[in-house]
Undergrad: 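Pasting a structure below so you can have a look.
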Amino acid sequence: MRLTLFWNNMHAQFGEAYAESLAKDYVLEQLGSRTIEQALDEGASPKEIWRAVCEAFDLPATAR
């Protein structure tokens with residue numbers, strides 16, 4: 001998954017403003033207790049992060 005697709009998915013699921021806030025502030029245990037921004041900055045793949053978001057927010061199968 002490319003980073004642009006990751007952000008498109010985030011914006012589609014949460015809205016642009018909330019997706020940005022979520023990425024900065026919400027700590028995901030599935031990402032080693034890091035935020036999305038921290039995980040991206042530390043080299044985690046967008047696909048891995050998207051899977052963690054899907055799991056944490058129980059997104060429907062169509063979003064995964």
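No experiment lies behind these values; they were computed from the predicted model shown. Numbers here simply count residues along the sequence, with the first being 1. Reckoned from all heavy atoms, side chains included, excluding hydrogens, waters and symmetry mates.
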Undergrad: With sequence neighbours left out, write down each residue that passes salt bridge (Lys or Arg N to Asp or Glu O under 4.0 Å) with Glu29, or none if nothing qualifies.
TA: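 Result, salt bridge (Lys or Arg N to Asp or Glu O under 4.0 Å) vs Glu29: none returned.
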
Undergrad: Checking Ser45 now: which residues fulfil side chain to side chain donor-acceptor pair (under 3.5 Å) with it, not counting sequence neighbours?
TA: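 Here no residue qualifies.
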
Undergrad: Share the residues that join Phe6 in a hydrophobic cluster, the rule being Ile, Leu, Val, Met, Phe, Trp or Tyr side chains under 4.5 Å apart at the heavy-atom level.
TA: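 Members besides Phe6, by chain and number: Met1, Leu3, Leu5, Trp7, Met10, Phe14, Tyr18, Leu22, Tyr26, Leu28, Leu31, Ile36, Leu40, Ile49, Trp50, Val53, Phe57, Leu59.
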
Undergrad: Could you pull out all residues at least two apart from Arg64 that satisfy side-chain contact (heavy atoms from CB on, under 4.5 Å)?
TA: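 For Arg64, the residues satisfying side-chain contact (heavy atoms from CB on, under 4.5 Å) (neighbours in sequence not counted) are Cys54, Asp58.
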
Undergrad: Tell me, please, which residues at least two apart from Asp41 pass side chain to side chain donor-acceptor pair (under 3.5 Å).
TA: none

Undergrad: Not counting sequence neighbours, which residues clear side chain to side chain donor-acceptor pair (under 3.5 Å) with Glu20? List them please.
TA: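 Checked Glu20 against side chain to side chain donor-acceptor pair (under 3.5 Å); matches are His11.
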
